[in-house]
Amino acid sequence: MTSPLLDIEQLVVRYRGRRLGKNGLTAVDRVGLTVGAGEVVALVGESGCGKSTLARAVVQLERPESGTIRFDGRDVTALRGQAKREYRRSVSYVFQDPLSSLSPRQTVGEAIEEPMIVHRIGTRQERRKRVGDLLSLVGAPDSWFDRRPASLSGGQRQRVAIARSLALSPQLLVCDEPLTALDVSTAAQIAKVFTDLQRELSLAYLFIGHDLGVVRRLADRVAVMHLGQIVEVGASDRVLGSPAHPYTRALVDSIPVPDPAIQRQRVKLVLRGEVPSPLDPPSGCRFRTRCPHAFERCATEEPALREVPPPGTRSACHLWDRADAAEVISSPDRAQRAPAA
Ligand code: SF4
């Protein structure tokens with residue numbers, strides 16, 4: 001078996017500060033995740049669950065406290081000098097707000113060319129040609145070359161930011177909610193840009209998204225995060241079609257169905273209570289204060305992320321010690337009767 005392109009193991013990212021108490025805030029807690037070459041892995045979960053912190057750690061915008069991030073078999077958590085520059089060419093970051101990566105003073109052409117200048121790639125003529133090719137790849141006309149970000153719409157800016165992120169021919173794009181700031185129809189167009197690019201360039205994506213419909217169409221696999229931990233991971237159709245964790249089930253159930261008649265008839269898993277503070281997460285399973293299936297063991301023992309059926313799926317839930325776990329998780333109306341373990 002070939003090793004994954006990106007291999008994250010036991011990663012911990014902790015924020016420190018006077019207001020965060022003596023233990024700080026553990027935004028990412030012992031997370032493991034892989035992304036294969038050319039594979040699209042989506043990270044989903046409520047805001048504040050640690051998705052963006054994990055993504056930022058991969059592109060070295062956050063410093064992990066412990067754990068490893070391997071890229072192409074090499075530990076990249078403590079790279080320096082030339083090795084660090086090479087890694088930064090291989091992995092690119094697409095921000096939620098394209099203005100984060102575009103200077104208002106630069107033209108579109110200058111913004112896309114800049115990474116190539118920094119990494120001393122090509123002659124001026126070659127770079128200009130590449131900028132034109134990149135604009136065309138993201139469906140933008142050459143006429144944008146001399147425009148400034150302020151004169152572009154949100155969707156147009158995101159196309160430019162994507163073109164810039166491709167300037168160094170990365171193998172992996174880390175996309176941090178790149179559709180969130182866009183209206184529905186523009187988001188659909190930009191999602192198509194990501195799909196087309198992935199097919200054309202065989203890129204790998206670590207894609208953070210909140211629209212589960214887009215995630216299902218785009219991703220090969222989905223990892224679900226809750227309070228700094230991955231609680232379920234597997235093939236996207238399986239995770240989003242037949243969740244193996246009550247939290248995923250609740251996320252999927254929160255998507256409204258367009259047909260009001262069907263919507264009314266749905267038996268949904270409705271979460272109770274507030275999201276616990278990441279500064280003081282519940283003991284045992286961190287989802288237990290909102291989980292309708294919680295039982296005694298959930299308060300005392302942290303569930304491990306373990307293999308569950310079908311192959312390739314992992315879930316962190318004690319229900320999987322029961323033979324009818326899949327049935328219980330898929331039947332929210334059984335919640336109050338489950339389980340006596
Ligand atoms: Fe719910 Fe317990 Fe499973 Fe956590 S371990 S998701 S509280 S049933």
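For ligands, and for the atoms within them, numbers begin at 1 and follow the listed sequence.
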Exercise. Between Y247 and E46, does any side-chain donor sit less than 3.5 Å from a side-chain acceptor?
Worked result: yes

Exercise. Going by the order shown, which atoms of ligand 1 are within less than 4.0 Å of some heavy atom of A294?
Worked result: 7 (S)

Seminar exercise, completed: Counting from 1 in the order shown, the ligand 1 atoms closer than 4.0 Å to a non-hydrogen atom of C291 are 1 (Fe), 6 (S), 7 (S), 8 (S)

For this session: Report, in ascending order of atom number, the atoms of ligand 1 lying under 4.0 Å from any heavy atom of C298.
Result: 2 (Fe), 5 (S), 7 (S), 8 (S)

For this session: Answer yes or no as to whether an N/O/S atom of C317 is found below 2.8 Å from atom 4 (Fe) of ligand 1.
Result: no

For this session: Give, for atom CD of E9 and atom CG of L33, the distance between the pair rounded to the nearest 0.5 Å.
Result: 11.5 Å

Exercise. Using a distance-only test with no angle check, is there a side-chain donor-acceptor pair under 3.5 angstrom linking T313 and R238?
Worked result: yes

For this session: Using non-hydrogen atoms of the residue, decide whether H245 is closer than 4.0 angstrom to ligand 1.
Result: yes

Exercise. Under 3.5 Å, is there a donor-acceptor pair linking the side chains of E177 and T180?
Worked result: yes

Problem set entry | Proximal ligand 1 atoms for P246, defined as those under 4.0 Å from one of its heavy atoms | 6 (S)

Exercise. Does any donor atom in the side chain of S236 or R217 lie under 3.5 Å from an acceptor atom in the other side chain?
Worked result: no

Problem set entry | Residue pair D176 / S52, side-chain donor-acceptor N/O under 3.5 Å | yes

For this session: Decide, counting backbone as well as side-chain atoms, whether H293 has an N, O or S atom less than 2.8 Å from atom 1 (Fe) of ligand 1.
Result: no

